[in-house]
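In what follows, every heavy atom counts, from backbone to side chain, and hydrogens, waters and symmetry copies are set aside. Throughout, a chain's letter reflects where its sequence line sits, starting with A, and its residues are numbered from 1.
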Amino acid sequence: MIVATWNVNSLRARWPRVRQWLTLRSPDVVLLQETKMTDAVFPFDEFRELGYEAAHYGQGQWNGVAIASRVGLDDVARGFGDDDPEARLIAATCAGVRVVSCYVPNGRALDDPHYQYKLAWLAALRDYLAGRDRTRHVIVGGDFNVAPADIDCYDPAALAGSTHVSEPERAALRAVEATGVEDLVRRLHPDEPSFTWWDYRNGAFHRGWGLRIDLLLVDTALAALARTASVDRDARKGEKPSDHAPVMADFALGESGG
DNA sequence: ATGTCACAGTCCCTGTGA
């Protein structure tokens with residue numbers, strides 16, 4: 001089973017690229033972030049034409065998360081069930097696996113109130129995962145807006161004092177992982193930077209100025225079933241790309257005859 | 001470091017967020 005996560009930075013602007021990519025890579029399940037649209041305009045029919053059932057938690061101009069699956073989509077849940085007004089988390093069960101698509105707040109700056117919201121949101125995610133059904137596998141994927149370690153940054157010294165690399169954010173991410181989920185790309189590729197995001201400005205992509213902030217966190221038992229996990233850098237190239245590349249993984253799971 | 005992109009409203013430019 002192939003599972004991917006991708007921050008598309010507006011599904012309206014990105015739909016031609018997303019459609020092309022779904023046809024090229026044929027993931028079984030894809031987690032999307034920053035759809036930036038309401039549920040009313042989400043392209044459910046276009047996904048269906050490609051063989052995907054989809055669930056969307058949209059807000060409008062900002063945020064918005066979705067899950068598209070061609071292996072079933074059941075028990076959809078939106079948000080943490082608290083009073084968070086922003087559309088940043090959606091969950092569903094696909095082929096028996098609990099799948100969660102997350103868009104963690106950016107934080108903006110260490111002294112901005114949004115940074116405290118980011119830390120609180122990560123704490124809420126930790127609590128949400130701590131209370132999960134342990135009889136099912138879980139995949140928590142998305143844009144975490146945290147580079148877990150210095151290897152995940154093109155230049156750690158240049159980023160000192162910025163969001164995405166601060167110790168409180170990294171500690172909050174480790175607390176999420178301590179509920180029993182593991183950063184799959186890092187597990188399979190301990191020494192590769194594997195950036196997932198490059199700023200649109202300054203030719204950052206071609207200069208290699210990237211961060212690894214998009215993650216697939218999976219339960220330990222499922223991690224052991226992973227055949228591959230990687231970043232699809234090619235999706236960051238070409239016409240009108242998102243500023244994020246998809247992260248993909250293949251699990252020896254749920255294949256008929258295999 | 002800040003050379004871009006996408007959005008909405010102020011609506012063909014500007015402010016905001018990333």
Side-chain N or O of S10(A) closer than 4.0 Å to phosphate OP1/OP2 of dC7(B): yes
Length of the line joining D112(A):CG and dG17(B):P, which is rounded to integer Å: 9 Å
Distance, C1' atom - from dC11(B) to dA6(B), rounded to whole angstrom: 15 Å
Out of dA1(B), dA8(B), dT4(B), whichever nucleotide has its closest atom nearest the side chain of R201(A): dT4(B)
Y200(A) OH to dA18(B) C1', straight-line distance once rounded to whole Å: 10 Å
Interatomic distance where CZ belongs to R17(A) and P belongs to dA6(B) [whole Å]: 11 Å
Touch class at under 4.0 angstrom, heavy-atom based, for N202(A) against every strand present: base
Distance in angstrom units between H114(A) NE2 and dT16(B) C1', rounded: 13 Å
Nucleotide nearest R88(A) (side chain, heavy atoms from C-beta), chosen from dA6(B), dA8(B), dA18(B): dA18(B)
Of R108(A) and R207(A), the one whose closest DNA chain B nucleotide lies more 5': R207(A)
Nearest-Å distance for atom pair CG/P, residues N7(A) and dA6(B): 12 Å
Sugar-phosphate only, base, or nothing, as touched by R14(A) at under 4.0 Å among non-hydrogen atoms: sugar-phosphate
Interatomic distance at P, dT2(B) relative to dC7(B), whole Å: 27 Å
Electrostatic pair R174(A)-E169(A), nearest N-O below 4.0 angstrom: no
Proximal nucleotide (of dA18(B), dC7(B), dC5(B)) relative to the Y103(A) side chain: dA18(B)
Pair D214(A)-W197(A), side-chain donor/acceptor within less than 3.5 Å: no
Cation-pi check, R236(A) onto F205(A) ring (under 6.0 Å, within 45° of axis): yes
Check: Y103(A) ring centroid to W62(A) ring centroid under 6.0 Å: no
Nearest-nucleotide comparison on DNA chain B, the residue closer to the 5′ end among G203(A) and L11(A): G203(A)
Closest to the K36(A) side chain, choosing from dA18(B), dA1(B), dC7(B): dC7(B)
Integer-rounded Å distance: dG17(B) P and Q33(A) CD: 21 Å
Any R12(A) side-chain nitrogen or oxygen under 4.0 Å from OP1 or OP2 of dA6(B): no
Given dA6(B), dA1(B), dA8(B), the nucleotide with the shortest approach to the side chain of Q61(A): dA8(B)
Whole-Å P distance, dG17(B) and dC12(B): 22 Å
Residues R212(A) and D183(A) bridged, charged N to O under 4.0 Å: yes
Centroid separation W198(A) to Y154(A) less than 6.0 Å: no
Same-atom distance (C1') from dG3(B) to dA8(B), integer angstrom: 25 Å
Between P of dA18(B) and OH of Y115(A), the distance in whole Å: 16 Å
Listed nucleotide nearest any side-chain atom of N9(A), set dA18(B), dA6(B), dA1(B): dA6(B)
Separation of atom CG in D199(A) from atom C1' in dT4(B), rounded to whole Å: 7 Å
